[in-house]
Every structure is written in structure tokens, then in C-alpha cells.
Amino acid sequence: MAMTKLNLNSTKTHLHSSQFSFLPRTLPKHLHCAFASPHRTTQHASISCSVAPNQVQVPAVQTQDPKTKPECYGVFCLTYDLKAEEETRSWKKMINVAVSGAAGMISNHLLFKLASGEVFGPDQPIALKLLGSERSIQALEGVAMELEDSLFPLLREVSIGIDPYEVFQDAEWALLIGAKPRGPGMERAALLDINGQIFAEQGKALNAVASRNVKVIVVGNPCNTNALICLKNAPNIPARNFHALTRLDENRAKCQLALKAGVFYDKVSNVTIWGNHSTTQVPDFLNARIDGLPAKDAIKDHKWLEEEFTETVQKRGGALIQKWGRSSAASTAVSIVDAIRSLVTPTPEGDWFCTGVYTNGNPYGIAEDIVFSMPCRSKGDGDYELVKDVIFDDYLRQRIAKTEAELLAEKKCVAHLTGEGIAVCDLPVDTMLPGEM
Ligand SMILES: NC(=O)C1=CN([C@@H]2O[C@H](COP(=O)(O)OP(=O)(O)OC[C@H]3O[C@@H](n4cnc5c(N)ncnc54)[C@H](OP(=O)(O)O)[C@@H]3O)[C@@H](O)[C@H]2O)C=CC1
Ligand SMILES: O=C([O-])CC(=O)C(=O)O
């Protein structure tokens with residue numbers, strides 16, 4: 001594993017010998033370097049540097065346990081004591097954000113948003129911990145280079161690796177994006193199994209090494225059931241901390257309602273996507289509001305709401321692939337930002353957002369022990385509560401029952417990965433991901 005690192009408080013850094021090209025041409029004054037022992041996973045020697053203002057030291061050989069102090073490279077390895085600097089005086093304690101599938105398309109948008117401060121705020125320094133694989137390790141180094149070249153003041157540390165037990169160490173947020181795409185002719189059951197294995201392993205790793213209060217957002221599809229697998233493999237982390245990303249669907253629904261009503265989309269609120277991030281998802285127009293009014297009052301064409309609107313949102317991902325040639329990446333990254341911000345900032349009075357969460361005592365009568373998208377509010381502390389004041393009609397109930405049945409069937413397909421016995425996979429219909437055609 002190679003790692004780029006800049007630590008606010010420490011005066012020690014470790015540089016990877018294979019990454020000298022990442023070093024700035026001139027090392028800062030008083031930066032002393034020494035070669036260290038080879039790294040366990042990379043077989044490369046590393047060098048260790050320490051900053052000692054007004055002091056000249058003889059370089060000393062460093063040996064270290066790479067699990068506790070991984071090596072690093074590049075500009076992030078240079079360590080300065082920033083505590084005294086005016087700009088950083090009001091900064092919060094650094095947060096550790098782990099991202100899997102970090103060399104993929106969604107991450108390529110997301111990482112730069114995270115590093116810029118637009119997600120966690122302009123006073124929140126951040127450490128990015130990027131998980132890739134043997135396949136993507138070169139690409140991941142390229143991503144780290146672009147992060148270096150972006151000169152983000154808040155980005156204090158970047159590390160890359162292929163072992164989730166290393167990369168997830170002390171993670172306070174884990175954004176799990178990496179997953180195998182469903183190939184031509186692949187059964188949904190096979191996709192559930194292959195990706196389920198990834199999320200079972202990552203759940204175990206989070207359980208072992210992440211912060212006990214880590215917040216996990218599963219993006220890799222099929223994200224609801226992947227999130228269920230992940231949380232079942234992480235029994236020491238509260239199940240309510242796991243989310244499946246349905247915010248992109250919420251945003252898509254808001255856009256369609258705004259278009260139909262002829263208003264700008266900031267006038268659309270209280271939109272819920274119920275259920276699975278698949279074509280059975282239920283975009284709820286019964287509780288949605290447009291300019292403060294029920295959407296059904298603002299949009300009189302109820303046939304459109306029940307038929308066209310619902311199907312458009314369910315299949316928006318596929319429609320985009322037909323035009324763009326690849327699946328939504330930029331808007332997915334934006335929706336991940338929205339999902340995080342909804343948890344770290346108080347929800348505006350009277351509004352809510354939706355996210356796929358573990359059902360455990362929900363007030364809607366939805367089956368327990370699955371990950372189901374539902375309306376939530378947050379005080380901005382990273383936690384949420386379910387919204388109680390929602391209404392149902394027969395149409396909404398019937399649609400919710402269908403997506404619920406699909407998730408219950410998916411759960412049976414992955415019983416071998418959740419510790420619940422032998423998998424029996426009998427999916428009601430071979431439904432699609434929103435991006436499939
Ligand atoms: N919930 C939502 O709203 C949305 C979810 N998605 C889902 O997000 C995921 C990532 O999308 P995107 O970034 O566009 O995809 P990319 O194909 O660009 O990246 C996916 C990453 O997944 C990793 N991966 C893990 N296992 C495998 C495997 N067996 N075969 C191939 N790649 C693998 C790869 O990284 P590495 O080699 O480093 O492991 C790859 O970089 C997909 O599952 C997609 O369906 C997409 C849009 C919306
Ligand atoms: O199917 C996909 O990979 C893309 C997806 O989830 C979406 O566009 O909502």
C-alpha cells in the first residue's frame with residue numbers, strides 16, 4: 001500500500017521510496033529523511049522524515065509497524081506544525097473519511113467535493129482513505145496525484161490501499177462505492193452474491209477497525225441488500241449507522257415534479273423514495289409538496305403522477321445511460337454529498353429527506369430487518385429519526401408492498417452472507433437496477 005499523508009499534529013512523516021516523483025522539488029527547511037524498513041504489502045523501502053525547527057539532526061533509521069503507522073508519499077507526507085497558524089486556529093479536529101471504489105467514476109467527482117470543504121464545511125480538515133484493488137492501484141495513485149495538484153487547504157491526509165482492514169482504520173465515514181457492475185446475461189442473484197461477498201468483507205473490516213460510531217453509506221449496487229449484508233457483518237457498529245443511497249432517486253423525483261409543475265426545483269420538498277434502489281422503488285407524490293402545497297394540488301394530472309412520473313423516476317438511470325453511454329456518476333456524487341449534508345446539518349423545519357435505513361421498529365408497518373428507503377429528519381448530529389406524519393393511500397401501500405417483497409426476497413438470496421443460514425434465491429421478478437435496460 002502506498003500512502004500520502006499530512007498530519008496536523010505529528011512532526012513525523014513517512015515517504016514511499018517508489019513515489020519520489022510525488023515530492024515537491026524542494027524539501028522544506030529542517031526536514032530530515034532516513035530510509036526505513038520495507039513495507040509489508042509493497043516490498044518497497046520507505047523513508048521517514050521529521051521536522052525539527054532550528055535544529056540539525058543526524059537522520060535515523062525508522063522501523064515501524066505498518067498497521068499502526070502506514071507509509072506515505074507525496075506532498076501529503078510533508079508535515080508542518082500548523083497549530084500556530086492563524087488560518088487553522090478555528091479548525092475542527094480532522095475527520096477520517098474512507099471511500100471504496102475510489103478509482104471509479106463516481107469517486108472521481110466525489111473526492112474533490114469532499115476535499116474542497118463543500119461537504120463537511122470550510123473549517124473541517126479531512127483525511128481521505130481510498131480503497132482500491134490490485135486492478136486499480138495504479139489508477140488510485142493517479143487520483144492521489146490529482147488531489148495533490150488541487151492544493152486543497154483542508155485536505156490534510158490522503159492514503160491509498162487495497163486492504164480494507166488498513167484503509168478503514170479509525171474511519172468516521174465510510175462511503176462504499178466499489179462494486180462489480182452487472183454484466184450482460186448475469187442473473188440478479190449472481191450479482192447479489194458477488195457484490196455481497198465484497199460487502200460482507202468490508203462489514204467485517206469496519207467492525208474490526210473503524211470508529212465505533214462510523215457512518216456508512218452504501219452506494220455500490222444492489223445497495224440496499226449490500227448495506228444489509230454490511231451491517232450484519234459489523235455487529236459492534238449500530239445498525240442505524242448504515243445507509244443505502246437513495247438520494248439520487250429523491251433528487252430525480254424532485255426534478256420531474258418541478259418540471260411538470262413549472263417551478264424551479266427548490267420549491268419541491270417532502271419527497272420520499274420508499275424501498276429499494278431498483279425499478280420497484282416508489283417515488284411518493286402523495287406526501288410531496290410543491291411551493292408548500294400537496295403535489296397533487298399543484299399537479300392536477302394524477303394519471304401522469306401515477307404512471308409517467310413513477311416510471312420516469314424508476315428508470316431515469318437507464319435513460320441517462322442511453323444518452324451518456326455510462327451510468328450516472330456526477331449526479332450520484334452530488335447526491336452522496338446531499339446525503340451526508342442531510343445528516344450533518346439540521347433538516348429544515350417541516351421538510352425531510354430519504355435514505356435507505358435498517359428497519360427496526362418503523363412506524364409504517366414495513367417488514368423489519370431489511371434496509372428500506374424511508375423519510376427521515378436529522379438534528380445535524382449524524383443521526384436521524386423517522387418521520388411520523390406521513391399519509392398513505394391504497395396506491396402507495398400497494399407499491400410499497402411490491403418493493404418490500406423484492407427486498408425480502410433479496411434478503412433470502414444472501415442468507416449465507418448475513419449469518420442466517422442457507423440462501424434460497426427466488427426473486428419475484430427479475431427486476432432491474434435503475435441504470436439497467
Ligand atoms: N445507489 C445509487 O444511487 C447508485 C449506485 N451506483 C453504483 O455505484 C457503483 C459504482 O459506480 P461507478 O463508480 O460508476 O462504477 P465504476 O465502474 O467507475 O467503478 C466501480 C469500482 O468498483 C470496483 N469493483 C469492485 N469489485 C469489482 C469487480 N468485481 N469488478 C469490477 N470492478 C469492481 C472497481 O474498483 P476496484 O478495482 O478498485 O475495486 C471500480 O473502480 C456501481 O455498483 C453502480 O451500480 C451508481 C449510480 C447510482
Ligand atoms: O444501475 C446503475 O448502476 C446506476 C444506478 O444505480 C442509477 O443510475 O440509479
Side-chain angles (χ1 to χ4, degrees), residues 1 98-111 129-144 160-164 167 175-184 186 188 190-202 205 216-227 229-230 242-253 255 273 275-281 283 312-340 354-356 371 373 431-437:
M1 181 174 83
V99 180
S100 77
M105 292 196 304
I106 295 170
S107 294
N108 202 246
H109 295 272
L110 177 67
L111 295 175
K129 295 160 166 278
L130 310 182
L131 182 66
S133 69
E134 298 282 1
R135 267 184 311 265
S136 64
I137 193 69
Q138 287 282 331
L140 217 44
E141 289 189 22
V143 172
I160 67 177
I162 63 173
D163 179 353
V167 176
L175 311 176
L176 304 185
I177 301 173
K180 186 180 170 69
R182 183 174 178 181
M186 189 194 283
R188 192 168 168 87
L191 185 76
L192 281 163
D193 181 50
I194 292 168
N195 283 327
Q197 317 241 7
I198 295 172
F199 287 87
E201 195 208 359
Q202 292 182 1
V216 183
I217 300 184
V218 176
V219 180
N221 275 318
C223 62
N224 295 56
T225 297
N226 288 341
I229 293 166
C230 200
F242 290 77
H243 300 257
L245 184 80
T246 55
R247 186 54 170 266
L248 176 60
D249 307 295
E250 176 187 325
N251 291 354
R252 287 167 169 168
C255 175
I273 301 295
N276 202 1
H277 177 70
S278 80
T279 51
T280 65
Q281 68 177 261
T312 301
V313 176
Q314 289 169 335
K315 298 188 174 167
R316 179 73 164 177
L320 183 115
I321 291 172
Q322 270 175 343
K323 301 280 184 199
W324 177 233
R326 49 196 120 144
S327 68
S328 310
S331 58
T332 306
V334 168
S335 75
I336 297 169
V337 171
D338 290 342
I340 297 170
C354 76
T355 173
V371 171
S373 182
T431 57
M432 307 286 223
L433 296 171
E436 287 178 318
M437 286 164 286

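Counting convention: from 1, in listed order, for ligands and their atoms alike. Please read these numbers as outputs of a predicted model, since none were measured by experiment.
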Sub-4.0 Å heavy-atom approach of Ala329 to ligand 1: no

Numbered atoms and elements of ligand 2 in range of Gly317, under 4.0 angstrom, heavy atoms: 8 (O)

Sub-4.5 Å side-chain heavy-atom contact between Val99 and Leu131: no

Protein contact of atom 36 (P) of ligand 1 - nearest heavy atom, named by residue and atom, plus distance: Ser133 OG, 3.3 Å

Test item: Thr355 side-chain N/O and His243 main-chain N/O as donor-acceptor pair under 3.5 Å: no

Heteroatom distance test (Ile106, ligand 1): nitrogen or oxygen, under 3.5 angstrom: yes

Distance-only N or O hit between ligand 1 and Asp249, under 3.5 Å: no

Identity and distance of the protein heavy atom lying nearest atom 22 (O) of ligand 1: Ala179 N, 3.1 Å

Pair Phe242-Val371, side-chain contact (heavy atoms from CB on, under 4.5 Å): steps then yes or no: CA-CA 9 Å; Phe242 290 77; Val371 171; 5.9 Å; no

Per-residue contact class, Thr332 against ligand 1 - non-hydrogen pairs under 4.0 Å: side chain

For ligand 1, the portion of Ser328 having any non-hydrogen atom under 4.0 Å away: backbone

Part of His277 with heavy atoms under 4.0 Å of ligand 2, whether side chain, backbone, both or neither: side chain

Pairwise side-chain contact, Val334 with Ile336, heavy-atom cut-off 4.5 Å (strictly under): no

Verdict with supporting geometry, Leu130 and Val167, side-chain contact (heavy atoms from CB on, under 4.5 Å): CA-CA 7 Å; Leu130 310 182; Val167 176; 5.8 Å; no

Asn224 side chain vs Gly275 backbone, donor-acceptor pair below 3.5 Å: yes

Identity and separation of the nearest protein heavy atom to atom 27 (C) of ligand 1: Arg135 NH2, 3.1 Å

Residue, atom name and distance, where the atom is the protein heavy atom closest to atom 10 (C) of ligand 1: Ile177 O, 3.3 Å

Protein non-hydrogen atom found under 4.0 Å from atom 8 (O) of ligand 1: yes

Atom indices of ligand 1, in the order listed, that fall short of 4.0 Å to a heavy atom of Cys223: 1 (N)

Leu248, portion touching ligand 1 at heavy-atom distance under 4.0 Å: side chain

Sub-4.0 Å atoms of ligand 1 with respect to non-hydrogen atoms of Gly132: 38 (O)

Exam field: side chain Ser100 to backbone Gly178, donor-acceptor pair closer than 3.5 Å: yes

Separation between CG of Leu248 and OG1 of Thr332, rounded to the nearest 0.5 Å: 4.5 Å

Part of Ile198 with heavy atoms under 4.0 Å of ligand 1, whether side chain, backbone, both or neither: side chain

Identity and distance of the protein heavy atom lying nearest atom 14 (O) of ligand 1: Met105 CE, 3.4 Å

Residue and atom name of the nearest protein heavy atom (relative to atom 40 (C) of ligand 1), distance in Å to one decimal: Gly104 CA, 4.6 Å

Beyond-backbone contact of Leu176 with Asn226, side-chain heavy atoms, under 4.5 angstrom: no

Donor-acceptor pair, side chain of Thr225 and main chain of Pro222, under 3.5 angstrom: no

Ser327, any N or O under 3.5 Å of ligand 2 N or O: no

pair Val219-Ile106: side-chain heavy atoms closer than 4.5 Å: yes

Heavy-atom pair with the smallest gap, counting every atom of Lys180 and Asn195: N-OD1, 2.7 Å

Pick from Arg252, Gln281, Lys315, Arg326: the one approaching atom 9 (O) of ligand 2 most closely through a non-hydrogen atom: Arg252

For Ser328, atoms of ligand 2 separated by under 4.0 Å from a heavy atom: 8 (O)

For atom 38 (O) of ligand 1, the protein heavy atom that lies nearest, with its residue and separation: Ser136 OG, 2.5 Å

Closest heavy-atom pair and its distance - Ile273, Glu250: CG1-N, 3.5 Å

Protein contact to atom 28 (C) of ligand 1 [nearest heavy atom, distance to 0.1 Å]: Lys180 CB, 3.4 Å

Heavy-atom donor-acceptor pair, Gln281 side chain to Ser278 backbone, under 3.5 Å: yes

Heavy-atom proximity to atom 2 (C) of ligand 2, best of Leu248, Val219, Asn221, Ile106: Asn221

Selection from Asn221, Ile137, Leu140 by shortest heavy-atom distance to atom 6 (N) of ligand 1: Asn221

Ile321, portion touching ligand 2 at heavy-atom distance under 4.0 Å: neither

Those atoms of ligand 1 less than 4.0 Å from some heavy atom in Gly220: 8 (O), 9 (C), 43 (O)

Donor-acceptor pair, side chain of Ser373 and main chain of Asn276, under 3.5 angstrom: no

CZ on Arg252 to CG on Leu320, rounded to 0.5 Å: 7.0 Å

